[in-house]
Amino acid sequence: MRSALGVLAGATTVALAQAASLADVCTTSHAKSSLPISDDIEGLEIDASSITASAVYNASTTGDYFYPAAASFDYCNVTLSYTRPGLDTPYLLEIWFPAPDDFQNRWLSTGGGGYAINAGTSSLPGGVMYGAAAGITDGGFGSFDTSADAVFLLANGTINYQTLYAFGYLAHHELSVIGKAFSRNFYGLTDTEKLYAYYQGCSEGGREPWSQIQRYADEWDGAVIGAPAIRYGQQQVNHLYPNVVEHTMGYYPPTCELEKIVNLTIAACDALDGRIDGVVARTDLCKLHYNVTSAVGAPYSCPAETTTTVLKKRGSMTNTTPAQNGTVSALGAAAAAKMLDGLKTLDGRRAYIWYQPSATFDDAATKYNYDTDTWELDITSLGGEWVARFLELRDADNLSTLENVTYDTMAEWMELGWKRYEDSLQTTWPDLSPFQSAGGKIIHVHGESDPSIPTGSSVHYHESVRQIMYPNMTFQESSDALNEWNRLYLIPGAAHCATSTTQPNGPFPQTTLKTLIEWVEGSVFPTRLNATVLSGELEGEEQQLCAWPLRPLWKNNGTVMDCVFDEASYQTWVYDFDAYKLPLY
Ligand SMILES: *[C@@H]1O[C@H](CO)[C@@H](O)[C@H](O)[C@H]1NC(C)=O
Ligand SMILES: *[C@@H]1O[C@H](CO)[C@@H](O)[C@H](O)[C@H]1NC(C)=O
Ligand SMILES: *[C@@H]1O[C@H](CO)[C@@H](O)[C@H](O)[C@H]1NC(C)=O
Ligand SMILES: *[C@@H]1O[C@H](CO)[C@@H](O)[C@H](O)[C@H]1NC(C)=O
Ligand SMILES: *[C@@H]1O[C@H](CO)[C@@H](O)[C@H](O)[C@H]1NC(C)=O
Ligand SMILES: *[C@@H]1O[C@H](CO)[C@@H](O)[C@H](O)[C@H]1NC(C)=O
Ligand SMILES: *[C@@H]1O[C@H](CO)[C@@H](O)[C@H](O)[C@H]1NC(C)=O
Ligand SMILES: *[C@@H]1O[C@H](CO)[C@@H](O)[C@H](O)[C@H]1NC(C)=O
Ligand SMILES: *[C@@H]1O[C@H](CO)[C@@H](O)[C@H](O)[C@H]1NC(C)=O
Ligand SMILES: *[C@@H]1O[C@H](CO)[C@@H](O)[C@H](O)[C@H]1NC(C)=O
Ligand SMILES: *[C@@H]1O[C@H](CO)[C@@H](O)[C@H](O)[C@H]1NC(C)=O
Ligand SMILES: [Ca+2]
C-alpha cells in the first residue's frame with residue numbers, strides 16, 4: 001500500500017527501486033547479493049547459506065495499540081543468521097522489506113516484552129505500512145520463540161554472559177547495524193542517499209531502545225518508546241511488593257475487594273480532571289485529594305470467575321475465584337494504602353514507587369483455597385522468577401515462599417540487581433548528550449494507570465535526564481530544552497502498553513510512529529500527541545495528549561482539554577530514593 005507519508009520521501013527513491021517489482025527483488029539471489037560486507041557491520045559474519053526470501057502479498061492487519069489497521073500490504077520476508085567471530089551461537093534475524101514502490105528509505109527496529117527480545121512478527125506491520133524495512137532479532141537465544149530467561153543460566157550459579165549482554169543491549173545494536181546496511185543494498189541506495197532509522201516498542205520493548213540511545217548516538221534518527229521496563233533491578237523485584245505487604249500484614253485481600261477499591265478510586269477521581277468520562281486523567285490530583293481509607297465499609301460483590309493464564313514453558317494455569325460478597329475492610333484499605341505508598345525500608349526510607357491510584361492491583365492477586373475457604377498468598381512469578389533466577393542464580397521459575405522476606409529484603413534485592421546488572425539491564429544512564437547532538441528525537445509514552453511498570457518510573461528517568469543534561473538552567477528552561485528532542489506523554493486511563501478495561505473511554509496514541517516520522521523528516525513539531533479513544537462510549541473521539549511536565553485539565557464542562565502546570569501536582573511525581581547512598585536515576 002502507498003503510505004500517507006509518500007509526500008515526505010519518494011523523491012529520493014532510486015532507479016532500481018522504481019523499476020523493480022516485489023517479485024524481482026524478493027529472491028534469495030538478490031538477498032544474497034545485497035548482503036552487507038563485514039566492514040559495514042562491525043566485523044559480524046553473516047552466513048550467506050542461511051538466507052531465505054519469500055514474497056507475501058495482500059497481508060493485512062486489524063491494527064495494534066501502536067499502529068492502525070492496514071487493509072493490504074506486500075513485503076519480502078527475509079531471514080538470515082550471523083555470528084560474532086569467536087562465538088558458535090548463531091543469531092537469527094527476520095526482516096520484512098516493503099515492495100520497492102512502497103519503500104520510503106526507512107528502517108524500523110522492533111522489540112519484545114517480558115523476557116522476550118521480540119514480539120514475534122506482530123510489530124513489523126507497523127513499519128512496513130510506513131515504507132520501512134522492519135526487523136526482529138532472536139538475541140542468539142536459539143529461536144525467535146526462546147526468551148532470555150530460558151537460556152540465562154548455563155548451570156545453577158553460572159550466568160550465560162553472552163545471553164545477558166545480548167539481551168541487555170548488544171543484539172539490538174547488531175539488528176540495527178545489519179538491518180540498515182542490508183536495506184541500503186537491497187534497494188540500491190547510493191552513499192549520499194539518507195536512510196532514516198527508527199525504533200518502536202513497549203515494556204521490555206521500551207527498555208531496549210533506551211539501551212541503544214544511552215550507548216549509540218547514530219543508530220537511529222528517532223524512537224517511539226512505550227512504558228519502558230527500565231531501572232530493571234528495582235522494576236523486577238517491585239512486582240513482589242504487594243505479596244510482601246500481604247504476607248507482612250497477614251492479610252490476603254479477596255480479589256473483589258481490591259477491584260472495588262479501584263472502582264471507588266476511579267469514581268472519586270474522575271471529575272478532578274474537569275471531565276466526567278470514567279477516565280482519571282489526573283492521577284496526581286487523585287493522590288492529593290483521595291484517600292483509600294474512605295473505601296472502608298463499601299459493599300462489593302463479584303460473580304464466580306475462571307481465568308486461564310497461558311504460561312510460557314509451563315502450560316497454562318487456571319485460577320478460579322468463587323462468587324464474592326462483602327464490604328471493604330479496614331485491613332483491605334490499609335493494604336491498598338501501603339501498596340500505593342511504594343516500598344520503604346523498615347526505618348522509612350524510600351526504595352521504590354508504586355503504580356498510580358486508579359491502576360488495577362494485578363500484582364496483588366491472591367488465590368482462593370476451596371479446602372480451607374480462605375484467601376491465600378499467590379506469589380507472582382513476574383517478581384519470583386527474577387529473584388530465583390537472576391539474583392539467586394537458580395534454575396527456577398518462581399519463589400516457593402516469602403518466609404523471612406521483609407521490606408528490607410526487598411530493598412536489598414533491588415540494590416543487588418541494580419549493581420550486578422548496572423551495565424546491562426538497569427538501563428537508566430541519564431546523559432544522552434551524544435544522541436541529542438546527533439539530532440535524535442524521542443517520543444516516550446506511558447499509560448497513567450499502568451499496573452505493571454510505574455508511570456512514575458518514566459517520569460523519574462525523564463527528570464533525571466533533564467537534571468543531568470541541563471544542570472545550570474531553571475526548571476522551565478531545562479524542561480523546554482529537553483522537550484525540543486525528548487518528549488514524554490502520559491496516556492490518560494491507559495494500562496500497560498494498552499488501554500484499560502476499567503477506563504474504556506481513555507485514548508491511546510496509535511499513530512505515534514507517524515508523528516515521529518513527520519517530526520524527523522518533515523519538521524512537524526509534536527506539541528501535543530494525537531490519540532484516539534479505541535473503545536467505550538467515546539470510541540473514535542480524537543484527543544491531543546499533553547507533553548510532560550504539562551498536565552491535562554478539561555474546561556468548558558469537559559469539552560476542551562488544556563495542558564497546564566501546577567506545582568503541587570508536579571511534586572507528587574518527585575521521589576527521594578533515600579534507601580540508597582548512590583543516586584537512583
Ligand atoms: C492481491 O489483491 C489484489 C487486489 O484484490 C489482486 O488483484 C491480486 O491478485 C492479489 N494478489 C495475490 C498474490 O493474491
Ligand atoms: C518468514 O520466513 C521464515 C523462513 O522461511 C519462516 O519461518 C517464517 O514463518 C516467515 N514469516 C512469515 C511472516 O511469513
Ligand atoms: C468495577 O467496575 C466494573 C465496570 O467498570 C464492573 O464491571 C465491576 O463489576 C466492578 N467491580 C466491583 C467489585 O464493583
Ligand atoms: C488517609 O486517612 C487515614 C485515616 O483518616 C489517615 O490515617 C491517613 O494518614 C490518610 N492518608 C493520607 C495519605 O493522607
Ligand atoms: C451477593 O449479593 C448479591 C446482591 O445482594 C446477591 O444477588 C448474590 O446472590 C450474593 N452472592 C453471594 C455469593 O452471596
Ligand atoms: C538448580 O536449582 C534448582 C532450584 O533450586 C533445583 O531445583 C535444581 O535441581 C538445580 N539443578 C541442578 C542441576 O543442580
Ligand atoms: C509461584 O509459587 C508460589 C508458591 O509456590 C505459588 O503460590 C504461585 O502460584 C506461583 N506462581 C506462579 C505464576 O507459578
Ligand atoms: C527463616 O529464618 C529462620 C530463623 O533464622 C530460619 O530458621 C528459617 O530457615 C528461615 N526460613 C527460610 C525459608 O529461609
Ligand atoms: C554549570 O555551572 C558550573 C559553575 O558555574 C560550571 O562549572 C559548569 O561547567 C556548568 N555546567 C554546564 C553543563 O554548563
Ligand atoms: C493529528 O491530528 C490532526 C487533527 O486530526 C491531523 O490533522 C494530523 O494530521 C494528525 N497528525 C498525525 C501525525 O497523524
Ligand atoms: C456538562 O456535561 C455533562 C456531561 O456531558 C452534561 O450532562 C451536562 O448537561 C453539561 N452541563 C452543562 C451546563 O452544559
Ligand atoms: Ca475524567
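Counting starts at 1 for both ligands and their atoms, following the listed order.
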Salt bridge present between Glu542 and Arg528 (N-O < 4.0 angstrom): no
Sidechain N-carboxylate O distance under 4.0 Å for Arg551, Glu448: yes
Atom 2 (O) of ligand 2: nearest protein contact (heavy atom, Å): Asn77 ND2, 2.4 Å
Atom 7 (O) of ligand 11 protein-contacted, heavy-atom criterion under 4.0 angstrom: no
Heavy atom of Lys367, distance to ligand 7 below 4.0 Å: yes
Atom 14 (O) of ligand 11 protein-contacted, heavy-atom criterion under 4.0 angstrom: yes
Atoms in ligand 2 with a heavy atom of Thr79 nearer than 4.0 Å: 2 (O), 3 (C), 4 (C)
Aromatic Phe167 / basic Arg207 pairing, under 6.0 angstrom, 45° off normal: yes
Identity and separation of the nearest protein heavy atom to atom 4 (C) of ligand 2: Thr52 OG1, 3.6 Å
Which segment of Tyr75 sits under 4.0 Å of ligand 2 when only heavy atoms are counted: side chain
Ligand 7 contacted by Gly384 (non-hydrogen, < 4.0 Å): no
N or O contact, Asp378 vs ligand 7, cut-off under 3.5 Å: yes
Check ion pair Asp397-Arg389 (N to O, under 4.0 angstrom): yes
Enumerated ligand 7 atoms positioned under 4.0 Å from heavy atoms of Asn398: 1 (C), 2 (O), 3 (C), 8 (C), 10 (C), 11 (N), 12 (C), 14 (O)
Sidechain-backbone polar pair: Asp74 side chain, Asn58 backbone, donor-acceptor under 3.5 Å: yes
Exercise: identify the closest heavy-atom pair between Ile379 and Leu240: CG2-CD2, 3.7 Å
Nearest-contact summary for atom 3 (C) of ligand 11 - protein heavy atom, Å: Asn557 ND2, 3.7 Å
Per-atom contacts of ligand 2 with Trp96, taking only distances under 4.0 Å to non-hydrogen atoms: 13 (C)
Distance filter under 4.0 Å to Ser381 heavy atoms, resulting ligand 7 atoms: 13 (C)
Side chain, backbone, both or neither: the part of Leu399 lying under 4.0 Å from ligand 7 by heavy atom: backbone
Mutual orientation of the aromatic rings belonging to Tyr115 and Phe390 [parallel < 30°, tilted 30-60°, perpendicular > 60°]: parallel
Modelled atom types, side-chain donor and acceptor of Gln324 and Thr255, under 3.5 Å: yes
Ring geometry between Phe186 and Phe182 (parallel below 30°, tilted from 30 to 60°, perpendicular above 60°): perpendicular
